Every structure is written in structure tokens, then in C-alpha cells.
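Everything on this sheet refers to the single structure shown next.
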2 protein chains.
Amino acid sequence: MKSKTTTRYAILGLLSIQPMSGYDMKQFVDMAFKHFWSESYGRLYPTLRQLETEGLLKSRVYRQRGRPDRRVHTITDKGRRELTEWLEQPASLPRVRSDLLLKLFFGHNVPVPSSIEQIRRQREVLETVLKTLQSYRPAVDEGGLSGDQRMFFLLTIRNGELVNKARIKWCDEAIKILSKHVSSNEETPS
Amino acid sequence: MKSKTTTRYAILGLLSIQPMSGYDMKQFVDMAFKHFWSESYGRLYPTLRQLETEGLLKSRVYRQRGRPDRRVHTITDKGRRELTEWLEQPASLPRVRSDLLLKLFFGHNVPVPSSIEQIRRQREVLETVLKTLQSYRPAVDEGGLSGDQRMFFLLTIRNGELVNKARIKWCDEAIKILSKHVSSNEETPS
DNA sequence: CGTGTCATGTAATCAGTTACATGATTCA
DNA sequence: TGAATCATGTAACTGATTACATGACACG
């Protein structure tokens, strides 16, 4: 009874690029996939062991001087087959959870400036996210990636750019609308 | 040891609009919050009982002819206080999981037209999501909502519009880039 | 001398979905 | 007659994070 979690395929996908340790994967996901995916050690390591017993990858431990051992994983042919099979399956819609929108929807319970402040804070964070994302571009262009891999990487970055720009634009619109609402209520106080 | 899940506040927020049954909440969330939140009965009903024992809401069962009993919940003052307290806390960034972008990133394992097809399929779904979202606008304008509630509702819809339009725009860009890539490889076959 | 990085892993917990049970009524 | 809607609820499960343990070394 093996459940086919997406973590399995994230791992196999990463190994289809190059051999890696669990630690490497975590670093990579936290950087390159930050705007659309995440993995924790708590899922990564057990899943790696599981994939090895299934024969989808093999691993070897490398001893290092002054550093902990490194277990480097390599994808097998069987692993590649299972990966491409998954890649051909239709993708689902992105799953989104936004407590900001939840809070905004219930904004009638709180002074309007409080909602404005929420959005303003979020806008700031989104701005830094966007900048971080854009800072990867040169590295991707120069880094020793194959032509295809470069293209796919840039496409995911582009997705983050467009979506985050849309979010920021929404913040600006929302702040404007809410601010008008505040000042129009100042003109006619109770 | 009570964990303060967001489901708690989603429930309290809904009850701050009007008294509701668990079933009502599910309907409402599936409609109005679809693009940024979800709740299942499996979490809704137990959390409702929990909130009642904590005194944040009270409930009454209404018998109906030919239909199951309805348990209607009303928020208490204590509930309102806890809700507004949460509303003032800074919101986090939206959590996103997109297996489409994951698959695209690993696209080098699969023929490029397969990736194009993935994006084309997703584009179609996004288009219907967007249309559904926009179809709510008139109902929100006419529906018997207070001025504030109407504004907050429209703001969340607007968010869905902008973000989904950005996603669709990205699909178009990505399809174009990948298609060019395919035809340029046709010109110089191996 | 304390903090951070490298590195793997487990246990506990939290978060969230799915499947099932019940049962009357409405609609095609 | 069979499916869909209304309505509540539980049990089982999957999915995912957090906290902790270990330990050498580098950096300020």
C-alpha cells in the first residue's frame, strides 16, 4: 500500500537533473521552488529511504573531513520511468490558502485602517519576494544548465513574477479603495 | 492545549456575518472563498463543537419537515473578541502548491509538446475559474449585503481576477516560448 | 564563546481530506 | 428507479511541519 505523494516525484525530478543529498534537495527547493513548492526534512528523508527500497533510486554514503557524512542519491531507470509517467498525468490547479483574504473578507469586524495596514504589510513582503525571484535570473542565465533546463527554470521564475506583480497591483488597488472609504466616512461623521 | 487553527477563525468570521449551520458554511466557503480557502466537513463539524464548549458560539437545533435537523450557530461576544484579536494579527503570505510548475521544471524528461499540452489544459481550467468568479459580481452587487461587506467581497473577487488573469497570461507566454522551441528544433533535426 | 553551517534522521504533532453512515424528499 | 439535495457527524487516513538529537568545524 504505497501512497504516491507528490514528494516522491519532486525527489525523482530533482535527481533527474543531478545526483543529490537530501540536504541539497532541501536547499534547492527552498530557493528555486520557493514560490510554488516546499518540502521539509520530515518528509524528505523518509521518502528517500522509501524510494530506495522500491528501487527508484540508489544511494552511496561519502565520508567527509570535518563534516557529517553525505548520502548522495542517484535515480535509476525504473525511477525515470515512474517520473515520466507522472509528468504526463494532467496537473491540478494550484492550491492556495490566503489568510489575508480571509481576514479582509471579515474586515467589517475591525476598523478599516486596520485592514489597510494588513494589505500594506503584505505588499512589502510581496515586493521583497519579487525582488528575490528576479535576482535569480542572472544566475540561471550564467549557471551551467542545459538549454532546456535554463528555459524551464526561467519559465517558472516568470510565473512567479507575473503572479506576484498581480498580487502587488491588487494591494495597491485595494489600499486605494479602502482609503477612499475611510476619508468618505470622515466627511460624514456620526 | 487548544491549537488555534485558522478553521476556528474562518467559522467565527462567517458567524460574524450571520448565524449559520455547518452545512451553510461549507456551501459558502466552496462558493465565495473557492479561490483562496477551503474547508471540509471533517474539520468543520468537530471545530464547531469545540468552539461551543469554549463559549465562542452557541447553537440551537431546528427541526424541519422532511429534512434533517439543522443546527444553527450564533457567535457570542467572547467569540467576537477572539475573532477581532486574530484579525489584527499580521497575515502570512499565501501558501501555494503548484504541481504544474513542478512538472514544467522537470520538463526535460518529456517531449516539449507534452509540457505545452499540460499548460494548455491548465489554461482552459483557469479560464472557467475566472468566468465563475466574475459571474459572482452581479449577485454581490444586488444581494442584501451591507456596504462594507459588499466592498470586502468585491475586493476578494478582484484579487482572484487579477491573479488568475496573470496565470492565464503566463500560460500564453509559456506556450509561445515552448512552441518556438519545438519549431526551431524541427528546422535542425538530429 | 556563542552562533551558524553542514548533514541525517526520528517522533510528535498538527492540518486536512475522504469515505462512510443515516434517511427523507425532490427531480429527471 | 436512481441520482441529487439537505444535514450532521465520525473514523481512518494522508499530508506536512516542528522540534529534537547528534557532532565537527568555521567565523566573528
Side-chain angles (χ1 to χ4, degrees), chain A residues 1-11 14 19-31 33-34 36-53 57 59-73 92-99 102, chain B residues 1-11 14 19-31 33-34 36-53 57 59-73 92-99 102:
Chain A
M1 301 302 128
K2 38 182 171 179
S3 58
K4 309 284 185 114
T5 66
T6 310
T7 299
R8 289 167 66 88
Y9 304 108
I11 289 173
L14 289 170
M20 280 178 155
S21 68
Y23 189 84
D24 293 337
M25 291 177 190
K26 175 76 170 138
Q27 305 295 102
F28 194 90
V29 169
D30 283 351
M31 286 273 255
F33 296 175
K34 195 157 197 228
F36 65 88
W37 201 258
S38 66
E39 289 295 346
S40 60
Y41 289 127
R43 279 187 68 69
L44 229 28
Y45 285 117
T47 307
L48 279 167
R49 291 307 114 242
Q50 174 64 24
L51 290 175
E52 184 154 32
T53 64
L57 59 82
S59 74
R60 229 196 96 182
V61 176
Y62 291 86
R63 225 154 278 165
Q64 304 183 119
R65 10 150 187 74
R67 286 188 183 176
D69 292 352
R70 250 171 80 79
R71 184 181 286 273
V72 177
H73 307 80
S92 34
L93 276 181
R95 304 201 157 272
V96 182
R97 308 216 110 201
S98 165
D99 60 346
L102 209 52
Chain B
M1 301 291 133
K2 40 181 169 179
S3 60
K4 309 285 186 110
T5 67
T6 310
T7 299
R8 288 166 66 89
Y9 304 108
I11 289 173
L14 289 170
M20 281 179 156
S21 69
Y23 190 84
D24 293 337
M25 290 177 191
K26 174 76 170 138
Q27 305 295 102
F28 195 89
V29 169
D30 284 351
M31 286 273 256
F33 295 175
K34 194 156 196 222
F36 65 89
W37 201 257
S38 67
E39 289 296 345
S40 59
Y41 289 127
R43 280 187 67 71
L44 230 29
Y45 285 117
T47 307
L48 280 167
R49 289 309 114 243
Q50 174 63 23
L51 290 174
E52 184 154 33
T53 62
L57 60 81
S59 73
R60 228 195 99 182
V61 177
Y62 291 86
R63 225 153 279 166
Q64 303 184 116
R65 9 154 186 69
R67 286 187 182 179
D69 293 352
R70 250 172 81 79
R71 184 182 286 271
V72 177
H73 307 79
S92 35
L93 275 182
R95 306 202 156 271
V96 182
R97 309 216 109 202
S98 166
D99 61 346
L102 210 52

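Since we're looking at a predicted model, the values are computed, not measured. Below, chains carry the letters A, B, ... as their sequence lines are ordered, and counting in each starts from 1.
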Going by atom types alone, do B/D99 and A/S92 pair a side-chain donor with an acceptor below 3.5 Å? yes

Below 4.0 angstrom from OP1 or OP2 of C/dA15, is there any side-chain N or O of B/T7? no

Can you find a side-chain donor-acceptor pair between A/R97 and B/S38 that sits under 3.5 Å? yes

When you check the phosphate oxygens OP1 and OP2 of D/dA7, does a side-chain N or O of B/Q64 lie under 4.0 Å from one of them? yes

Under 4.0 Å: is that the gap between some side-chain N or O of A/S21 and OP1 or OP2 of C/dT8? yes

Rounded to whole angstroms, how far apart are CG on B/L44 and P on D/dA7? 14 Å

Will you find, in the side chains of A/R71 and A/S59, an N or O donor that is under 3.5 Å from an N or O acceptor? yes

Where do B/H73 and B/S21 come nearest, in terms of heavy atoms and distance? ND1-CA, 3.9 Å

Under 4.0 Å between a side-chain nitrogen and a carboxylate oxygen: does that hold for A/D24 and A/R70? yes

Grab the CE-P distance between B/M20 and D/dA7 for me, whole Å please. 12 Å

Nearest to side-chain heavy atoms of A/S38, which nucleotide of D/dT17, D/dA16, C/dT8: D/dT17

Between A/R70 and C/dT8, is there a side-chain N or O to OP1/OP2 distance below 4.0 Å? no

Decide salt bridge (Lys or Arg N to Asp or Glu O under 4.0 Å) for B/D30 and B/K34; before the verdict, give the C-alpha distance in whole Å, the side-chain angles of both, and the deciding distance to 0.1 Å. CA-CA 5 Å; B/D30 284 351; B/K34 194 156 196 222; over 6 Å; no

Atom-pair distance (CG on B/D69; C1' on D/dG9), nearest Å: 13 Å

Answer yes or no: are there more than 12 heavy-atom neighbours, outside A/R95 itself, under 6.0 Å from its atom CZ? no

Does a side-chain N or O of A/Y23 approach OP1 or OP2 of C/dT8 to a distance below 4.0 Å, or not? no

Classify every nucleotide of nucleotides 18-28 of chain D by which part a protein heavy atom approaches to under 4.0 Å, writing B for the base, S for the sugar-phosphate alone and - for neither, in 5'-to-3' order. B----BSS---

Counting heavy atoms from C-beta on, name the nucleotide in D/dA7, C/dT8, D/dC6 closest to the side chain of B/Q27. D/dC6

Length of the line joining A/K4:NZ and D/dA16:P, which is rounded to integer Å: 16 Å

Quick one: B/R63 CZ to C/dA24 P, roughly how many Å, whole number? 15 Å

Whole-Å distance between C/dG9 C1' and A/E39 CD? 16 Å

Nucleotide D/dT8, atom P - distance to CD of B/E52 in whole Å: 13 Å

Please confirm whether the shortest side-chain N or O distance from B/Y45 to OP1 or OP2 of D/dT8 is below 4.0 Å. yes

Side-chain atoms of B/T5 come closest, of C/dA15, D/dG15, C/dT5, to C/dA15

Without decimals, in angstroms, what is the distance between A/D30 CG and D/dT17 C1'? 13 Å

